[in-house]
J.: 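Here you go, one structure.
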Amino acid sequence: MTDVAARLTNVRSRIERACAAAARRTDSVGLIAVSKRVAVERLREAVAAGQGDFGESYVQEALPKMAQLAGLGLTWHFIGPVQSNKTRDLAEHFDWVHGVDRLRLAERLSAQRPPMLGPLQVCVQVNISGEDSKSGCAPQDAPLLCAAVAQLPGLRLRGLMAIPALRADGLSQAPFRALRELFETIRRTIPQMDTLSAGMSDDLEAAIAEGATRVRIGSAIFGARG
Ligand SMILES: *Cc1c(COP(=O)(O)O)cnc(C)c1O
């Protein structure tokens with residue numbers, strides 16, 4: 001077994017245990033392997049170990065990897081901050097964009113999505129911990145932004161994404177709970193929303209306990225990034 005395969009097995013069992021603890025089905029949580037700054041050979045190891053969803057944060061780095069792994073039926077998630085001069089690359093090459101936090105960006109992505117690819121799957125990013133440095137819309141702005149994004153023909157609004165601040169005291173459940181409550185509120189008017197994208201290597205258990213349906217795991221699969 002390769003290093004990557006062994007780490008993947010370990011992450012999958014963490015997800016299973018977290019689901020069991022939350023009385024959730026294991027298949028209610030999808031694993032996105034975050035492969036930013038990871039060489040394409042390591043991605044191949046993950047693919048050989050059955051991983052099909054990958055997350056990238058830098059467009060320039062992602063596009064060559066996607067070309068090298070074309071034809072393997074992989075699903076590509078853009079999880080970095082969306083810059084307006086990169087929307088065309090995102091719309092033309094990715095399956096999902098998790099970091100939509102402004103209507104202007106959503107409109108560009110929708111207009112630039114090639115119709116033959118079908119709608120781009122998107123999550124609205126929420127700055128759930130209220131950090132100055134983080135992208136994401138303010139929680140109170142999320143309902144209106146979601147309602148507007150849901151109307152765009154080139155996009156399919158799937159849910160919310162957040163990167164809660166890591167807390168040294170380990171009490172990281174609170175922001176995930178706030179995210180879930182916001183998600184449930186918005187879902188009352190936009191029932192198509194089925195995705196809560198939250199949880200990383202250090203906090204996937206807390207995220208799953210609070211309803212995450214997609215966890216984005218990098219270092220626990222590929223090791224520390226160089
Ligand atoms: C890098 C990154 C991850 C993965 O982080 P790890 O701590 O390595 O698991 C998840 N989500 C986003 C948005 C990231 O940028």
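We count ligands from 1, going down the list as the structure has it; atoms in each ligand are counted the same way. In this text, all values refer to a predicted model and were calculated from it rather than measured experimentally.
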J.: Decide whether a cation-pi geometry holds between Arg156 and Trp96; the criteria are a distance under 6.0 Å from NZ or CZ to the six-membered ring centre and an angle within 45° of the ring axis.
T.: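 That pair does not qualify as a cation-pi contact.
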J.: Do Asp53 and Arg214 meet the salt-bridge criterion of a basic N to acidic O distance under 4.0 Å?
T.: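 The answer is yes: the pair qualifies as a salt bridge.
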J.: Which residue supplies the protein heavy atom nearest to atom 14 (C) of ligand 1, what is that atom called, and how far is it?
T.: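 Result for atom 14 (C) of ligand 1: Lys36 NZ, 3.0 Å.
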J.: Starting from atom 5 (O) of ligand 1, which protein heavy atom do you reach first, and at what distance in Å?
T.: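 Answer, as residue, atom name and distance: Met200 CE, 3.8 Å.
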J.: Which residue and non-hydrogen atom of the protein lie closest to atom 11 (N) of ligand 1, and at what distance in Å?
T.: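 Here the closest protein heavy atom is Arg216 NE, 2.9 Å.
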J.: Report yes or no: does Ile163 have a heavy atom closer than 4.0 Å to ligand 1?
T.: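 Contact check Ile163 vs ligand 1: positive.
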J.: Can you name the atoms of ligand 1, numbered from 1 with element, that are less than 4.0 Å from a heavy atom of Ile217?
T.: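 The list of qualifying atoms is 9 (O).
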J.: Do His77 and Asp95 have side-chain atoms, one donor and one acceptor, less than 3.5 Å apart?
T.: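 No, no side-chain donor-acceptor pair sits under 3.5 Å.
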J.: Show the atoms of ligand 1 that are less than 4.0 angstrom away from any heavy atom in Ser57.
T.: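 This gives 15 (O) as the contact atoms.
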J.: Does this structure show an ion pair linking Lys36 with Glu56, if we count only N-O contacts that are shorter than 4.0 Å?
T.: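 Looking at Glu56 together with Lys36, the answer is no, because their closest N to O distance does not fall below 4.0 Å.
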J.: Can you tell me if Arg225 contacts ligand 1 (heavy atom of the residue under 4.0 Å from the ligand)?
T.: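 The answer is yes: ligand 1 sits under 4.0 Å from a heavy atom of Arg225.
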J.: Please evaluate residues Val29 and Cys19 with respect to the criterion side chain to side chain contact (heavy atoms under 4.5 Å, CB included), reporting the C-alpha separation (whole Å), side-chain torsions for both, the decisive distance (0.1 Å), and the verdict.
T.: CA-CA 8 Å; Val29 179; Cys19 285; 3.6 Å; yes
J.: Which one of Ile79, Ile221, Val215, Val11 has a non-hydrogen atom at the shortest distance from atom 13 (C) of ligand 1?
T.: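 Looking at heavy atoms only, Ile79 sits closest to atom 13 (C) of ligand 1.
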J.: Can a side-chain donor-acceptor contact be found between Glu16 and Thr26 if the only test is distance below 3.5 angstrom?
T.: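 On atom types as modelled, these side chains do not qualify, holding no pair under 3.5 Å.
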J.: Evaluate Asp202 for polar contact with ligand 1, using N/O atom pairs at a separation under 3.5 Å.
T.: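 The answer is no, given that Asp202 and ligand 1 share no N or O pair closer than 3.5 Å.
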J.: Determine the minimum heavy-atom distance between Arg25 and Ser28, stating which atoms define it.
T.: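 The pair with the smallest heavy-atom distance is O-OG, 2.6 Å.
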J.: What protein heavy atom sits nearest atom 9 (O) of ligand 1, and how far off is it?
T.: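 Looking only at protein heavy atoms, the one closest to atom 9 (O) of ligand 1 is Ser201 OG, 2.5 Å.
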J.: So is Gly218 polar-close to ligand 1, meaning N/O to N/O under 3.5 Å?
T.: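 So ligand 1 has an N or O lying under 3.5 Å from an N or O of Gly218.
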J.: Centres of the Trp76 and Phe94 rings: under 6.0 Å?
T.: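 Ring centroids of Trp76 and Phe94 are no less than 6.0 Å from each other.
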